[in-house]
Structures are given as C-alpha cells and as structure tokens.
Amino acid sequence: MDIVLCSLPSEPVFYKVSPQVRSTGDMPVPPKMGIVSLVQHMRRNGIGDDEYDFYDIDMLLPEDEVLFKYFERTAPGIVGLSAVTSGAYTQAKRVSRIIRNACPNAWIVLGGNMAASANVILRKTDIDLCVVGDGEIAWLKLVKHYREYGGTINENLAKIAGVAFIDGGGDLVFNGFGEKLPPS
C-alpha cells in the first residue's frame, strides 16, 4: 500500500469523544464525500483496494502518538489530506508535521476547499502539494506521477491541472483549477 487518504477535522480538537458520539450526536460529522469520490475514481482506473487505505482522522480523533505510529507502520509514499473548511488549518499543520516526522519522504497532498489558500498552506505547513478545484483527475495523475518519478518535483508535475506547489526557486506554481470529471 503506497497511498493513504485522510480526513481532517474542521475544528481544533480540544476534547476527545467516541466515534459513535461524533457520528450520531447533536452535530454529527458528515460523510467524507471528497474521499469517497477519489476512491471511486481510483478504483475505476485500476487502483485496487489493497493499494490504499483511508484513515478517518476526523471521526476517530486519534492522539498524536497513535497517528505517528500509524504512519510509521504503513509508510505510504503519498498521503492525501482532505480539508473541507479553512477551520481545518491547525489540523492540517499538526497532522502534516506528524506525517513528515513519521514518513520524511512521503508526498503530503492537501485537497478540499482549504487548498484555495495553497500559497499559505505550502509555505507554513509540511504539505508538499495542493489540489485546487476538482480533485479526482488531478489526484490520479499525482499518484501516477509519484509511482513513476517518486517524490521528484519536475516539469511533468507542473503540467497537471489543479496542482499547486513551491518550485526550487521558491515560487508558487499553479496552472489552473483541476479538470472536472465528465458527466456520467
């Protein structure tokens, strides 16, 4: 397994509640539609269930040590973080730091609405890439790029619509929003 997809909580977590309470309480955690869409697109394009994992950080709220041990044990090459609101910034910063410490060479990719702030995210967190706009096509291209070139940022990466990153000169590279899936 070289791919891990994770959901990020939308709020700073100052409390610990059970997943049952988070899923059925007064304000239940909504389903992870972005990740579900990515998984369906990966499956349709030949990526098997044994090639990825989904770690629902938003629902489980694991302690930092538990997160670290998970990433250290699974050692993915590419990690996708889904951040649906800007309120997830502190979580993105915290979780990406834990992932970087556990997997120094992994690509950490952020998607979701918070990726619209790619310039700040890429400069202030351990996140390597952002997917801005529709993510299914861009994510699959990133996975294929990673599998072909490893964690190398090269001219082929800059050709993927919807991907933002900081180049070797410190400049933000972004060539437009991600391609939309054709209507089904």
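Taking 4.5 Å as the limit, every side-chain heavy atom of Val84 sits out of range of all side-chain heavy atoms of Met114. With a 4.5 Å cut-off on side-chain heavy atoms, Arg44 and Leu181 count as touching. A 4.5 Å side-chain heavy-atom check between Asp2 and Pro76 finds every atom pair outside the cut-off. Taking the side chain as every heavy atom from C-beta outward, Val79 and Val109 never approach each other to under 4.5 Å. Taking the side chain as every heavy atom from C-beta outward, Cys130 and Val163 never approach each other to under 4.5 Å. Between Gln91 and Leu81 there is no side-chain heavy-atom pair separated by less than 4.5 Å. Counting heavy atoms from C-beta on, the side chains of Leu67 and Ile57 come closer than 4.5 Å. Contact of the Asp167 side chain with the Ile153 side chain is not registered, since no non-hydrogen atoms from C-beta on lie closer than 4.5 Å.
Minimum heavy-atom separation, Leu142 to Trp107: O-CZ3, 3.9 Å. Considering every non-hydrogen atom in both Pro9 and Asp58, the closest pair reads CA-OD1, 3.2 Å. In plain terms, the two heavy atoms of Ala161 and Phe177 that are nearest each other are CB-O, 3.7 Å. Considering all non-hydrogen atoms of both residues, Asn175 and Gly162 come closest at OD1-N, 3.6 Å. Looking at every heavy atom in both residues, Ala75 comes nearest to Cys103 through CA-SG, 4.0 Å. Contact record, Val132 with Ala115: CG2-O, 3.4 Å, taken as the closest heavy-atom pair.
Between Lys141 and Glu179 there is a salt bridge, with a side-chain nitrogen of the basic residue lying less than 4.0 Å from a carboxylate oxygen of the acidic one. Under a 4.0 Å N-O distance rule, the pair Glu63/Lys69 does not qualify as a salt bridge. Using a 4.0 Å cut-off between charged nitrogen and carboxylate oxygen, Glu155 and Lys159 do not count as a salt-bridge pair. Between Asp126 and Arg94 no salt bridge is recorded (no basic side-chain N to carboxylate O distance below 4.0 Å).
Atom NZ of residue Lys124 and atom OG of residue Ser96 lie 13.5 Å apart, to the nearest 0.5 angstrom. Here SG of Cys6 is found 7.0 Å from CG of Leu8. Values are rounded to the nearest 0.5 Å. Rounding to the nearest 0.5 Å places OG of Ser37 at 10.5 Å from CE of Met42. Separating the CG atom in Leu38 from the CG atom in Leu5 is a distance of 6.0 Å, to the nearest 0.5 Å. Atoms CZ and CD1, from Phe71 and Ile99 in turn, are 4.0 Å apart once rounded to the nearest 0.5 Å. Going from atom CD1 of Ile166 over to atom CZ of Arg123 covers 3.5 Å, rounded to the nearest 0.5 Å.
A side-chain contact (heavy atoms from CB on, under 4.5 Å) with Arg100 is found for exactly one of Val95, Asn105, Thr125, Ile108, namely Ile108.
Asn156 and Tyr149 share a donor-acceptor pair across their side chains, judged by distance under 3.5 Å alone.
Using a distance-only test at 3.5 Å, with no hydrogens or angles considered, a donor-acceptor pair links the side chain of Thr74 to the main chain of Tyr70. Side-chain N or O atoms of Lys180 include none that pairs as donor or acceptor with a backbone N or O of Asp134 at under 3.5 Å. With hydrogens and angles disregarded, no donor-acceptor distance shorter than 3.5 Å links the side chain of Ser82 to the backbone of Gly112. With hydrogens and angles disregarded, a donor-acceptor distance shorter than 3.5 Å links the side chain of Asn101 to the backbone of Arg97. Side chain of Asn154 to main chain of Leu157: a donor-acceptor pair is present (N/O by atom type, distance under 3.5 Å, no hydrogens or angles).
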Derivation and outcome, salt bridge (charged side-chain N to carboxylate O under 4.0 Å, His left out), residues Arg43 and Glu51: CA-CA 10 Å; Arg43 285 178 178 161; Glu51 297 178 74; over 6 Å; no
Audit row: Ile127, Leu122, side chain to side chain contact (heavy atoms under 4.5 Å, CB included) steps and yes/no: CA-CA 6 Å; Ile127 293 165; Leu122 295 167; 4.1 Å; yes
Worked check of side chain to side chain contact (heavy atoms under 4.5 Å, CB included) between Val131 and Leu110: CA-CA 6 Å; Val131 173; Leu110 180 92; over 6 Å; no
Verdict with reasoning, Tyr55 to Leu60, per side chain to side chain contact (heavy atoms under 4.5 Å, CB included): CA-CA 9 Å; Tyr55 193 170; Leu60 299 173; 3.7 Å; yes
Intermediate values then yes/no, side chain to side chain contact (heavy atoms under 4.5 Å, CB included), Ile78 and His145: CA-CA 11 Å; Ile78 185 168; His145 184 282; over 6 Å; no
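One hydrophobic cluster holds both Trp139 and Ile160 under the rule that ILVMFWY side chains link at heavy-atom gaps under 4.5 Å. Neither Phe54 nor Val4 shares a network with the other; the hydrophobic side chains, linked directly or stepwise wherever heavy atoms of I, L, V, M, F, W or Y lie under 4.5 Å apart, form separate groups for each. Cluster annotation: Ile47 and Ile35 are assigned to the same hydrophobic cluster (Ile/Leu/Val/Met/Phe/Trp/Tyr, side-chain heavy-atom contacts under 4.5 Å, transitive).
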